[in-house]
Amino acid sequence: MDAFQGILKFFLNQKTAIGYSFLALLTVGGERLFSLVAFKCPCSTENMVYGLVFLFAPAWVLLILGFSLNNRSWRLFTGCCVNPRKIFSRRHSSRFFCVLSQITLSSLVAPMMWLSVALLNGTFYECAMSGTKSSSLLGLICKGKPKECWEELHKVSCGKTSMTPTDNEELKLSLQAQSQILGWCLICSASFFSLLTTCYARCRSKVSYLQLSFWKTYVQKEKEHLENMFLEYANKLSERNLKCFFENKRPDVFPMPTFAAWEAASELHSFDQSRQHYSTLHKVVEDGLELSPEVDETTMVLVGTAHNV
């Protein structure tokens, strides 16, 4: 039992690395599936558009999914049209851009993985570059090759050129090599930028390493307990309402947070060294709910919104 708990604790501590590893495997599998099943280079003047669509369209979809599946995105934007001051508040005007940049960086992980894997494979890039009409690119690709290369480059991917099989294979290998070089450059640049941003964030940290570790643990535990409390209270409230409905009687008082309390607890947390609050909910509980003029101006529209959550 102790060994099982040790293994479970190890996987929980390494869940970020395991998540990224799973995402990488999923990206590799998806790219291979696209290459073998869906991708068929037309070997025509449409090669450029076709190859670039397969290279960048999945990356764009993954970026949108990254934003959509990130809870901080909806925590940041929910209600911003009703009360724009939630985003551009007087006290934290730069907070919005800071949080948005963090969300963007985390959402870019999957698209960067896709682009890296696709470039290392070389299939999409080969098709796209073989359809180029740029004289400078044609001169770079067809340098030292027969003159047919300039006119029949779009047929290289299919091997239907009038060039010799050796020249055709050399062109394909050259395009794949360029793609792999770009892929490794992208991986190295992304790795360096990730290290740079992590180092910058840690250097600018307002708390020590141990306190930061405690903070992360607290946030995770608070999230788990909050989800359990949501389920528990939702069950109790729905049970009370249904019971009162079918028994045709007045309901008992059911304690619930006020609208202002929900609003205050939903804000993004900003750490203050003078007060050790590890989340917005922690701050609301410790300090109590103090309404500011900005909160008073919030207009809450409840009809139909629950169905869109």
Side-chain angles (χ1 to χ4, degrees), residues 8 11-34 38 53-84 86-87 92 95-119 124 186-187 189-191 193-195 197-198 201 212 215-234 262-263 265-271 278-281 301-302 304-309:
L8 181 62
F11 280 108
L12 289 175
N13 291 334
Q14 302 297 324
K15 61 183 178 181
T16 302
I18 294 173
Y20 283 136
S21 300
F22 177 76
L23 183 60
L25 290 175
L26 195 63
T27 305
V28 172
E31 194 277 336
R32 293 305 300 166
L33 185 64
F34 268 74
V53 165
F54 269 82
L55 188 62
F56 289 105
W60 175 255
V61 172
L62 289 173
L63 179 63
I64 299 300
L65 285 176
F67 274 100
S68 302
L69 298 178
N70 194 322
N71 291 331
R72 299 187 76 194
S73 302
W74 305 119
R75 194 163 188 170
L76 183 65
F77 288 106
T78 298
C80 65
C81 293
V82 177
N83 184 13
K86 290 182 63 176
I87 293 180
H92 305 289
R95 178 65 177 165
F96 167 76
F97 297 102
C98 179
V99 175
L100 183 61
S101 63
Q102 293 173 359
I103 296 172
T104 303
L105 288 176
S106 62
S107 301
L108 280 172
V109 173
M112 294 296 285
M113 284 186 178
W114 169 268
L115 289 175
S116 301
V117 171
L119 287 172
F124 304 148
L186 182 63
I187 292 173
S189 301
S191 301
F193 184 74
S194 176
L195 177 63
T197 52
T198 303
L212 184 61
W215 190 352
K216 291 180 179 179
T217 303
Y218 171 81
V219 170
Q220 180 62 32
K221 292 300 180 182
E222 182 188 83
K223 180 181 178 182
E224 294 175 1
H225 289 305
L226 186 62
E227 292 175 353
N228 292 332
M229 291 294 287
F230 278 169
L231 183 60
E232 180 183 348
Y233 270 75
W262 283 109
E263 188 79 7
S266 298
E267 293 180 358
L268 289 168
H269 178 61
S270 182
F271 189 78
Y278 295 104
S279 69
T280 306
L281 187 61
V301 181
L302 295 179
T305 56
H307 300 286
N308 299 325
V309 174

Using side-chain contact (heavy atoms from CB on, under 4.5 Å), reason through T217 and Y278 one step at a time and then give a plain yes or no. CA-CA 10 Å; T217 303; Y278 295 104; over 6 Å; no

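To the nearest 0.5 angstrom, K223 atom NZ is 13.0 Å from S279 atom OG. The distance from the CG atom of N70 to the OG atom of S106 is 4.5 Å, given to the nearest 0.5 Å. To the nearest 0.5 Å, atom CZ of residue F67 and atom OG of residue S73 are 6.0 Å apart. Interatomic distance, CD1 of I103 versus CZ of R75, reported as 11.0 Å (0.5 Å rounding). Considering CG of L115 and CZ of F56, their distance stands at 6.0 Å, rounded to 0.5 Å. Rounding to the nearest 0.5 Å gives a distance of 10.0 Å between CD1 of I187 and CE of M113.
Side chains of Q102 and L76 form no contact here, defined as non-hydrogen atoms less than 4.5 Å apart. Looking at S266 and T78, their side chains never come closer than 4.5 Å, going by heavy atoms from C-beta outward. Using a 4.5 Å heavy-atom threshold, the side chains of L62 and V109 count as separate. By the 4.5 Å heavy-atom criterion applied to side chains, F124 and V53 are not counted as neighbours.
More than 12 heavy atoms of other residues, nucleotides or ligands shown are found within 6.0 angstrom of OH on Y218.
For L212, the side-chain contact (heavy atoms from CB on, under 4.5 Å) partners at least two apart in sequence or on another chain are R202, V207, W215, K216. Scanning for salt bridge (charged side-chain N to carboxylate O under 4.0 Å, His left out) contacts around E232 gives K236, with sequence neighbours left out.
When atom types are taken as modelled, the side chain of W74 and the backbone of S68 share a donor-acceptor pair closer than 3.5 angstrom. Distance alone, capped at 3.5 Å, is enough to place a donor-acceptor pair between the S101 side chain and the C98 backbone. Judged purely by atom type and a 3.5 angstrom limit, S194 has no side-chain atom pairing as donor or acceptor with the backbone of A190. For the pair W60 (side chain) and P111 (backbone), a donor-acceptor distance under 3.5 Å is absent.
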